[in-house]
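Just so you know, ligand 1 is whichever comes first in the structure, and atom 1 is the first atom listed for that ligand.
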Amino acid sequence: MLSKKIEDALNEQINAEFWSGYLYLSMSCHFADKGLDGVANWFRIQFQEEQAHALALLDYLHARGGKVVLSSIADVPTSWESLKDAFTATYDHERKVTRMINNLYGLAEEEKDYATRQKLNGFVAEQVEEEENVTHIIDSLNLIGEDGAGLYQFDLQMAQRKYNAPNL
Ligand code: MG
């Protein structure tokens with residue numbers, strides 16, 4: 001059985017993962033509107049990944065006999081000044097999610113809930129990947145600067161991203 005504390009914390013994380021998805025879907029729509037279809041594709045896949053994170057936690061909560069409580073998803077921003085602005089916001093957001101996962105991990109240890117701790121290992125690894133991917137993208141954007149041909153190539157490259165279900 002799950003403790004009430006863990007059950008509540010997992011429900012909170014499920015909501016946070018859906019919020020992340022909503023944030024990235026909003027970014028996808030924003031860049032689709034700007035004609036950057038590759039970037040829109042990248043964020044749409046990011047949205048799918050976040051849904052997978054939420055569902056993995058939701059399934060786990062069910063498996064442990066917990067009650068899933070879906071609460072309202074807060075508003076997300078709807079526009080960004082630039083690509084750099086959106087990817088910096090993505091990086092900052094992912095760092096925040098990493099802190100949330102770490103806190104959840106710490107709570108699982110406190111509660112001696114080793115199954116939850118083990119489940120979270122995949123999420124810890126996933127966050128390393130998220131931060132690394134976005135760091136590479138920001139590095140590329142710094143190199144490209146305002147170069148139009150560079151941005152065109154960047155958008156084409158972002159169009160290549162395919163969805164792979166995270167292994168959670
Ligand atoms: Mg996530």
Side-chain angles (χ1 to χ4, degrees), residues 2 5-32 38-64 66-80 83-111 113-141 158-168:
L2 287 169
K5 265 191 192 172
I6 296 281
E7 186 181 53
D8 290 348
L10 287 172
N11 270 310
E12 204 179 308
Q13 192 62 37
I14 289 169
N15 185 271
E17 299 293 345
F18 277 124
W19 190 87
S20 300
Y22 211 40
L23 172 69
Y24 298 138
L25 186 60
S26 184
M27 288 180 175
S28 175
C29 293
H30 172 77
F31 289 109
V39 175
N41 170 67
W42 193 93
F43 278 115
R44 192 183 173 105
I45 288 169
Q46 196 73 3
F47 156 70
Q48 286 177 282
E49 276 197 2
E50 298 306 335
Q51 282 189 306
H53 296 164
L55 291 176
L57 291 174
L58 183 152
D59 289 342
Y60 174 73
L61 198 41
H62 277 154
R64 294 288 310 279
K67 167 87 178 144
V68 172
V69 178
L70 296 180
S71 44
S72 52
I73 300 171
D75 285 353
V76 289
T78 53
S79 68
W80 290 266
L83 283 170
K84 180 85 182 291
D85 184 31
F87 281 101
T88 302
T90 298
Y91 180 71
D92 291 344
H93 179 64
E94 287 304 328
R95 290 201 20 161
K96 187 178 153 208
V97 174
T98 299
R99 286 195 292 277
M100 292 179 79
I101 296 289
N102 287 345
N103 288 339
L104 203 48
Y105 199 99
L107 181 66
E109 288 193 325
E110 236 172 69
E111 296 283 301
D113 185 338
Y114 301 114
T116 298
R117 192 184 70 174
Q118 183 174 320
K119 185 71 192 170
L120 290 170
N121 281 334
F123 285 81
V124 170
E126 186 79 1
Q127 284 312 117
V128 172
E129 234 180 79
E130 297 279 14
E131 288 186 27
E132 188 189 8
N133 289 343
V134 181
T135 300
H136 283 151
I137 291 171
I138 293 172
D139 287 346
S140 299
L141 287 172
M158 299 297 266
Q160 299 299 314
R161 187 179 187 192
K162 302 259 187 300
Y163 178 65
N164 291 308
N167 189 17
L168 297 168

Margin query: Out of the candidates Ile14, Val76, Asp75, only one should pair with Trp19 under the side-chain contact (heavy atoms from CB on, under 4.5 Å) rule; please name it.
Written below: Val76

Note to self: With rounding to the nearest 0.5 angstrom, report the CG to CD distance, Asn11 to Glu7.
What the structure shows: 6.0 Å

Item checked: Polar side chain donor-acceptor pair, Thr90 to Tyr24, under 3.5 angstrom -> no

Item checked: side-chain hydrogen bond (donor to acceptor under 3.5 Å, both in side chains) partners for Glu132, two or more places apart -> none

Notebook entry, point to check: Excluding sequence neighbours, so at least two apart, what forms side-chain contact (heavy atoms from CB on, under 4.5 Å) with Arg117?
Noted result: Tyr105, Ala108, Glu109, Tyr114

Next item on the list: For Arg161, check side-chain hydrogen bond (donor to acceptor under 3.5 Å, both in side chains) against everything at least two apart and list the hits.
Entry: Gln46, Glu49

Item checked: Within-2.8 Å protein N/O/S contacts of the Mg ion (ligand 1) -> Glu17 OE1, Glu50 OE1, His53 ND1

